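Just so you know, these numbers use all the heavy atoms, side chains as well, and skip hydrogens, waters and symmetry mates. Order of appearance sets the numbers: ligands from 1, and atoms from 1 within every ligand. Please read all numbers here as calculations on a predicted model, not as lab measurements.
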Amino acid sequence: MGFRTRFAPSPTGPLHLGHAYSAILAHDSARAAGGAFLLRIDDIDQSRARPIWEKQIHDDLAWLGLTWDGPPRRQSDHLADYRATLDGLAARGLTYPCRCTRRDIREAASAPQEGPAPVGPDGLVYPGTCRARPMTAAQGTDAIRLNMQAALAALPDLPAFTETGPDHPGQHPIDPARMTDAVGDVVLARPGMGASYHLSVVVDDAAQAISHVIRGADLFEATAIHVVLQRLLGLPSPIYHHHRLIRDAAGTRLAKRDDARAIATYRAEGATPQDIRRMVGL
Ligand code: GLU
């Protein structure tokens, strides 16, 4: 399989310097390898996605001089695929409906006899309150969670993934105790939203035949979840490269609301694409 990577922004705000770094790195890696660079619009959260931001993603990437291969894949066009994948996991007894609010989770996790509550890639590790609820009890307002213990037990062997980024290069075997205790029963679908990020990213990377995932170091911890899902679903695992995060002068990671670092702002101020490359250290 050739080198195929992607850039998968969510159209929920302007692209900033951190996105530019991710997109340029992925684009340049694909071009250097004679491979493909694909664009994906991660608009699964329709309550926050806006056409104006999707248009600006196209404008900013084109202005940066990046070209992508084929039409972009838009998540909102594939809701039925995520649903079918979720139904398949449910039919195998690996999911359950959860009606806990964030507050319920906080309270259950901070019960005095429990000791300090573990925090995983999605925040507080879910204490398992709803784990015994059958899928037949699911209501439209429930989230659907993966039963991590059942999921690991369903795997023929424990997978590993390859990381080529600067922080943790090498092979990363999935540690089952860590998955159950420090990651827990992650959400696969949220009420009113077909699929969670974890489920959709795994389906999309496979559908786009991605060989190399290049993304920010903030997602390194989530990768083990993706690899477990890939193995459960019989999908290949890409090679992962988690790059350093672009921080502002105060050392804080850039966020979407940080309009001052928006590529559009630099453009309006007369910066060139070369200036942007320099600013992110490329
Ligand atoms: N839409 C996700 C984000 O912007 C994509 C993450 C990924 O590359 O897997 O964080």
Peer 1: For residues D45 and Y197, is any side-chain donor paired with an opposing acceptor at under 3.5 Å?
Peer 2: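 On atom types as modelled, these side chains do not qualify, holding no pair under 3.5 Å.
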
Peer 1: I need the atoms of ligand 1 closer than 4.0 Å to a non-hydrogen atom of R6, numbered in the order shown.
Peer 2: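 Close to R6: 7 (C), 8 (O), 9 (O).
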
Peer 1: Would you say T223 and H242 are linked by a side-chain donor-acceptor pair, where the criterion is simply a distance under 3.5 Å?
Peer 2: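 T223 and H242 do have a side-chain donor-acceptor pair below 3.5 Å.
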
Peer 1: Quick check on contacts: which atoms of ligand 1 are under 4.0 angstrom from a heavy atom of L219?
Peer 2: 6 (C), 7 (C)

Peer 1: Hey, which atoms in ligand 1 end up nearer than 4.0 Å to a heavy atom of V201?
Peer 2: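 Answer for ligand 1: 9 (O).
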
Peer 1: Measure from the ring center of H172 to the ring center of F220 and say whether it is less than 6.0 Å.
Peer 2: yes

Peer 1: Number the atoms of ligand 1 from 1 as they appear, then name those within less than 4.0 Å of a heavy atom of D42, with their elements.
Peer 2: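 The list of qualifying atoms is 1 (N), 2 (C), 5 (C).
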
Peer 1: Out of A8, G216, S22, whose heavy atom sits nearest atom 4 (O) of ligand 1?
Peer 2: A8

Peer 1: At a 4.0 Å cut-off, with the gap strictly under it, does some heavy atom of H19 reach an atom of ligand 1?
Peer 2: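 No.
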
Peer 1: I'd like to know whether ligand 1 has F7 as a neighbour, heavy-atom separation below 4.0 Å.
Peer 2: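 No, F7 has no heavy atoms under 4.0 Å from ligand 1.
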
Peer 1: Quick check on the hydrophobic clustering: are V228 and V125 connected, directly or via other members, by side-chain heavy-atom contacts under 4.5 Å?
Peer 2: no

Peer 1: Are side-chain N/O atoms of Q75 and D43 paired as donor and acceptor at under 3.5 Å?
Peer 2: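 Their side chains do not contain a donor-acceptor pair, so the 3.5 Å distance test is not met.
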
Peer 1: For S29 and H212, test the side chains for any donor-to-acceptor distance below 3.5 angstrom and give the result as yes or no.
Peer 2: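 No donor-acceptor contact under 3.5 Å links the two side chains.
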
